[in-house]
Amino acid sequence: MRYIYLGLVLIFALTGCKESEDDKGLDLTNIEYDPQAYVLEISDVFPDLTDPLDNPLTYDGVQLGRHLFYDPIISVDSSMACVSCHDPKLAFTDGKKFSEGVDGSLGKRSAMSLVNVGFVQKDFFWDGRSPSLEHQAILPIEDPLELQDDWDNVEDKLQNSPRYQELFRKAFGIIRSSEITRDLAAKSLAQFQRIIISDNSEFDKVFRGEFSFRSEAQSGFEMFFDTSSAPDAECGHCHNWPLFTTNEFFNNGITAAADLDDFPDKGLGGVTNYRFENGFFRAPSLRNIELTAPYMHDGRFETLEEVMEHYNSGGHASETRDPLIKPIGLSFTQKEDIIAFLKTLTDTSYLENPDVISPF
Amino acid sequence: MKNLLGFLALVMLFGTMACGDDEPSGEGKLTLTFKAVYDGEPIVMNEEEYTYFNDVALKFSKLHFFLSEPTVQGDENQELIDILFVDFGVQNRTLEGAEEGVSFTYDLPVGDYTGLNFGIGPNAEQNALLPSDYPSDHPLQTSAGYWTPWSSFIFSKTEGKYDAAGDGSFGTGFVYHIGSDDMYRSLSQVGDFAIKSDKTTEWIITVDYKNAFGDATNNIDIETYPAFHSPQDPTLTELTKMLSDNLQAAFTLSKK
């Protein structure tokens with residue numbers, strides 16, 4: 001009996017040791033870790049990238065993020081990846097009114113472009129609910145209308161993937177596969193998104209003196225920024241140069257609301273719980289606006305012509321409508337000129353960066 | 001003789017120490033507290049109504065400005081910071097917040113000072129740069145605070161709505177932005193104050209926005225000119241100059 005007892009103790013002890021070793025995961029130190037800074041050439045007139053001290057851009061960090069971005073391993077049934085709603089050819093949007101998640105679940109808002117998202121410092125998403133790009137990258141994985149997975153499961157899949165064991169080791173110098181975490185995944189996804197940069201549009205070439213606008217675009221530029229005696233289209237207040245967004249939140253009058261609580265989607269106000277921010281949404285960048293239809297947070301406008309008509313009309317009344325949203329009085333030709341100018345903001349040169357396109 | 005020398009050395013040592021006690025040393029704190037009021041009443045953003053010169057009711061939704069090189073005057077002037085961004089947008093959401101004001105605190109050498117001065121808006125040297133010339137944590141790295149047609153930062157924004165129809169609807173907005181070097185104004189206030197070691201001295205800087213629009217006989221016609229930022233129209237430029245002068249006159253500086 002005593003031997004049986006000792007034998008059981010030994011079995012439990014050995015089993016315990018084995019589990020403990022498994023918990024630590026595979027030793028990855030035979031994989032080289034040699035972090036190299038990722039060097040980006042960005043227009044001098046652009047602001048600094050938001051490159052946090054605890055997540056500097058590295059070549060291998062970007063590569064890991066790039067793989068995760070395009071890999072359906074991060075969705076519950078391996079059917080979708082980030083790229084499913086952020087198509088590089090559409091300036092990293094999906095061309096849909098509301099984005100579709102796993103099982104065809106419809107999201108509540110249109111997918112935002114990721115181009116130049118590295119210059120946003122805070123308050124990500126249409127409603128500003130996420131404080132950083134790293135934090136933002138965490139959320140879609142578990143969203144019941146998006147990728148529908150859970151991070152414990154995703155971490156398990158990544159920890160058991162030889163590809164990701166190597167990529168995480170190279171990116172962050174982890175010792176064992178069990179150190180693969182959601183936080184590191186989010187950091188790498190943020191790094192990848194930061195290299196998606198558009199600063200070489202026709203507008204940029206005109207700004208650099210390499211090119212001249214056609215007359216329609218020149219006229220549109222003058223109304224956009226109010227630089228001539230033509231009508232002031234008031235665009236530049238929320239979509240200012242050089243990013244063509246001020247990264248602020250506004251109620252641009254697309255929803256009629258009888259009172260402060262009458263907005264079907266409260267936007268920023270739903271996050272801050274300040275009723276006078278109900279109906280506020282992030283002013284998106286207009287760079288590549290030609291590629292990102294449909295427009296507004298709810299994709300209600302299919303064309304730029306509809307967008308221009310909205311602003312020209314002054315939009316719908318509500319208590320939080322921005323004071324700059326008012327009837328403008330542009331003619332058909334003037335609206336077309338502004339659209340011609342907006343099309344000079346198209347630039348897909350970021351697709352020429354091999355680190356931006358799919359590794360698969 | 002030897003004792004005498006020792007005695008003299010002791011006397012000198014104590015004398016030096018005593019002198020050291022008389023010299024101001026160390027640092028204290030200076031707090032600048034900014035308050036936005038209308039006709040003397042604290043401004044509560046979006047909620048409270050205020051009466052304009054023509055008896056139209058108005059509400060405010062955005063009030064902020066840049067101050068350049070706030071400096072305390074004394075034997076040696078002390079610049080507190082290169083640029084200060086004062087934004088009442090969040091603080092003035094409630095009456096309590098509005099009464100409390102927006103505060104900034106700085107360390108200063110202990111001593112006596114004679115006044116305070118600053119510029120309203122970035123000065124010409126600061127204004128000659130672009131937002132991208134400033135580091136990411138600098139208040140002037142802001143495209144929201146820069147206006148390309150002026151090649152200038154926007155020194156101040158004063159925005160809100162007024163009840164044009166008198167039916168409580170507040171459906172019409174006013175948007176007044178000031179910028180460009182010609183609109184730069186400065187303020188200086190004489191007033192003795194002391195910074196004491198480990199103590200905080202406070203200055204209250206009140207901006208009465210009714211005065212920023214003008215006075216009973218000469219004020220901005222908000223119904224005719226609800227917004228202006230066009231450098232092309234001489235009339236609007238004159239109004240912008242008037243706003244700049246009025247904003248300067250709307251500041252009151254006092255030592256608490």
**Prompt:** Mind checking whether His237(A) and His177(B) have parallel, tilted or perpendicular rings, split at 30° and 60°?
**Reply:** perpendicular

Fill in: Residue pair Arg321(A) / Lys161(B), side-chain heavy-atom distance below 4.5 Å
yes

Shortest non-hydrogen pair, Lys62(B) vs Phe250(A), comes out as NZ-CE2, 4.1 Å

Under 4.5 Å to a heavy atom of chain B? For Ser43(A) that would be neither

Ser143(B) (side chain) donor-acceptor with Thr245(A) (main chain) under 3.5 angstrom:
yes

Nearest heavy-atom approach of Trp147(B) to Gly236(A) is CZ3-C, 3.6 Å

For Gln121(A) and Ser136(B) the tightest heavy-atom approach is NE2-O, 3.4 Å

| Heavy-atom neighbours of Glu210(A) CD exceed 12 at 6.0 Å | yes

query: Judged by modelled atom types alone, do Ser132(B) and Asp44(A) share a side-chain donor-acceptor pair under 3.5 Å?
result: no

Can you tell if the side chain of Glu47(B) reaches within under 4.5 Å of the side chain of Phe276(A), non-hydrogen atoms only? yes

Tightest non-hydrogen contact, residues Gly173(B) and Pro323(A), listed as CA-CB, 3.5 Å

Rounding to 0.5 Å, atoms OG1 (Thr148(B)) and CZ (Phe225(A)) come to a distance of 5.0 Å

CG of Asn46(B) to CD of Glu277(A), rounded to nearest 0.5 Å, is 8.5 Å

